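For reference, the structure is listed below as structure tokens.
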Amino acid sequence: MKSINPLYQREIIGLIPAGGTASRLGTLPCSKELLPIGFKTGVDGFPRPKPVSLYLLEKYNKGGAEKTLFILRAGKWDIPAYYGDGRVTGMDMGYLIMDLPYGVPYTLDQAYPFVKHATVYLGFPDILFEPEDAFARLHERLEETGADLVAGLFEVRDQEQKRKSDMVAMDTSGNIVEINIKPKAECDLAHSWIIAAWTPVFTEFMHDFLRLDQTERGKNLNPAEIYLGHVMQAAIAHGLKVNSVFFPGHTFLDVGTPVNLMEAVGNPPT
């Protein structure tokens, strides 16, 4: 009898960190996760504005996610008011309030009690990217390689963009061996991770890592923000298997800046 792969026995849950203040965009009439980019057809057959985060939610759904959890900064109540129980996305939807403001890993760890036994999908709600089946392909790579985390990689050639990104080095099997976080000097690496999928092994590692990090923060008068790339790099050093899927020819756009937002509004994805 054919055995059941444990990946498919686990629930798949998407996480959306929504704790930012959108300071680069200035004063907004709504949370940046709800900024309208393009249109979708409503149940009445007429076009309706499509919030930027819905593009990510649709990709979670196509990747097999059964539910998604937003982790919100207090005050961003327009997000649950818009998405409600998630029926517009075809998934169940839940909402958590972030606690410690030390960076995205701490925001994600707020969901630990709800995802510690699940396969997790992660994308950022203000980054538009291709292809539509990106998370399905990450999930497939988790199965093929037995990795603890699989990152979705996109080509970055512009040095200015590299300084805003986590640039990665890989071996010939696609295993990520090093992460250069927002390099200040000129960088010859050409790939940045934008999305990820991981197993409970990485969830548990991050939870333990952050407990230690919080202890160290108590000894530091001016602790720096921590990025998920820091946790991924620590996981690699600890022996966890971090693999990747490269999406050649596909693009991504961070709409969290005025220039990129204008580009997205003028040329929205379909």
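Basis for what follows: all heavy atoms, side chains included, without hydrogens, waters or symmetry-related copies. Keep in mind it's a predicted model, so treat the numbers as computed, not measured.
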Between [X] and [Y], is any pair of side-chain heavy atoms under 4.5 Å apart?
{"X": "Asp92", "Y": "Glu66", "answer": "no"}
{"X": "Pro17", "Y": "Leu108", "answer": "yes"}
{"X": "Pro200", "Y": "Val120", "answer": "no"}
{"X": "Ile16", "Y": "Ile71", "answer": "no"}
{"X": "Glu130", "Y": "Thr251", "answer": "yes"}
{"X": "Arg217", "Y": "Ile226", "answer": "yes"}
{"X": "Lys164", "Y": "Lys182", "answer": "no"}
{"X": "His191", "Y": "Phe246", "answer": "yes"}

Drop me the distance from [X]'s [atom1] to [Y]'s [atom2], to the nearest 0.5 angstrom.
{"X": "Leu56", "Y": "Asn61", "atom1": "CG", "atom2": "CG", "result": "11.5 Å"}
{"X": "Glu225", "Y": "His230", "atom1": "CD", "atom2": "NE2", "result": "9.0 Å"}
{"X": "Ile176", "Y": "Leu149", "atom1": "CD1", "atom2": "CG", "result": "7.0 Å"}
{"X": "Ile195", "Y": "Arg137", "atom1": "CD1", "atom2": "CZ", "result": "9.5 Å"}
{"X": "Asp109", "Y": "Leu210", "atom1": "CG", "atom2": "CG", "result": "5.0 Å"}
{"X": "Ser192", "Y": "Arg157", "atom1": "OG", "atom2": "CZ", "result": "13.0 Å"}

Would you say [X]'s side chain and [Y]'s backbone share a donor-acceptor pair under 3.5 angstrom?
{"X": "Thr89", "Y": "Met91", "answer": "yes"}
{"X": "Lys76", "Y": "Ala18", "answer": "yes"}
{"X": "Tyr95", "Y": "Gly84", "answer": "yes"}
{"X": "Ser31", "Y": "Leu34", "answer": "no"}
{"X": "Glu33", "Y": "Val52", "answer": "no"}
{"X": "Tyr60", "Y": "Ile13", "answer": "no"}
{"X": "Arg141", "Y": "Ser244", "answer": "yes"}
{"X": "Lys162", "Y": "Leu189", "answer": "yes"}
{"X": "Gln233", "Y": "Ile179", "answer": "yes"}
{"X": "Asp166", "Y": "Ile181", "answer": "no"}

Quiz prompt | Residue pair Glu58, Lys50: steps toward the salt bridge (Lys or Arg N to Asp or Glu O under 4.0 Å) verdict | solution = CA-CA 11 Å; Glu58 289 173 342; Lys50 184 172 182 177; 2.9 Å; yes
What are the two closest non-hydrogen atoms of [X] and [Y], and how far apart are they?
{"X": "Leu96", "Y": "Ala111", "value": "CD1-CA, 3.6 Å"}
{"X": "Pro131", "Y": "Lys59", "value": "O-CE, 3.5 Å"}
{"X": "Tyr82", "Y": "Pro49", "value": "OH-O, 4.2 Å"}
{"X": "Leu72", "Y": "Pro80", "value": "CD1-CD, 3.8 Å"}
{"X": "Tyr55", "Y": "Gly38", "value": "OH-CA, 3.9 Å"}
{"X": "Gly64", "Y": "Ile12", "value": "O-CD1, 3.7 Å"}

Quiz item: Would you call the rings of Phe205 and His238 parallel, tilted or perpendicular if under 30° counts as parallel and over 60° as perpendicular?
Solution: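 Phe205 and His238: tilted rings.
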Tell me whether the guanidinium CZ or amine NZ of [X] lies under 6.0 angstrom from the six-membered ring centre of [Y] and within 45° of its axis.
{"X": "Lys62", "Y": "Phe135", "result": "no"}
{"X": "Arg48", "Y": "Phe39", "result": "no"}
{"X": "Lys67", "Y": "Phe114", "result": "no"}

Quiz item: Which of these, Asn175, Thr145, Asp171, Asp148, sits in a side-chain hydrogen bond (donor to acceptor under 3.5 Å, both in side chains) with Asn243?
Solution: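 Answer to the side-chain hydrogen bond (donor to acceptor under 3.5 Å, both in side chains) test with Asn243 among Asn175, Thr145, Asp171, Asp148: Asn175.
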Answer yes if the side chains of [X] and [Y] hold a donor-acceptor pair under 3.5 Å, and no otherwise.
{"X": "Trp198", "Y": "Thr203", "answer": "yes"}
{"X": "Tyr106", "Y": "Asp213", "answer": "yes"}
{"X": "Glu204", "Y": "Tyr112", "answer": "yes"}

Practice problem: Decide if the gap between the ring center of Phe247 and the ring center of Phe129 is smaller than 6.0 angstrom. | Solution: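 Distance test on ring centres: not under 6.0 Å, no.
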Exercise. Taking the six-membered ring for Trp and the single ring otherwise, decide whether the centroids of Phe154 and His250 are under 6.0 Å apart.
Key: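 No.
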Exercise. Consider only side-chain heavy atoms of I, L, V, M, F, W and Y, link residues closer than 4.5 Å, and tell whether Val255 and Met262 are in one cluster.
Key: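 No, no single cluster joins them.
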Quiz item: If you group Ile, Leu, Val, Met, Phe, Trp and Tyr by side-chain heavy-atom gaps below 4.5 Å, do Leu228 and Val177 land in one group?
Solution: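 In one cluster: no.
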Exercise. Test Tyr83 against Thr68 for side chain to side chain contact (heavy atoms under 4.5 Å, CB included), laying out the working first.
Key: CA-CA 11 Å; Tyr83 283 115; Thr68 289; over 6 Å; no
Exercise. Evaluate the criterion side chain to side chain contact (heavy atoms under 4.5 Å, CB included) for residue pair Ile127 and Leu253; output intermediate values, then yes/no.
Key: CA-CA 5 Å; Ile127 297 182; Leu253 182 67; over 6 Å; no
Exercise. Please test Gln110 against Ile97 for side chain to side chain contact (heavy atoms under 4.5 Å, CB included), starting from the C-alpha separation and ending with a verdict.
Key: CA-CA 8 Å; Gln110 198 70 23; Ile97 304 301; over 6 Å; no
Quiz item: Counting only heavy atoms not in Glu186, do more than 12 sit closer than 6.0 Å to its CD atom?
Solution: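 12 or below, so no.
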Quiz item: Are Glu216 and Arg211 within salt-bridge range, i.e. N to O under 4.0 Å?
Solution: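 A salt bridge is absent here (no side-chain N lies under 4.0 Å from a carboxylate O).
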Exercise. Tell me, with the steps shown, if Val156 and Phe252 meet side chain to side chain contact (heavy atoms under 4.5 Å, CB included).
Key: CA-CA 10 Å; Val156 178; Phe252 69 93; 3.8 Å; yes
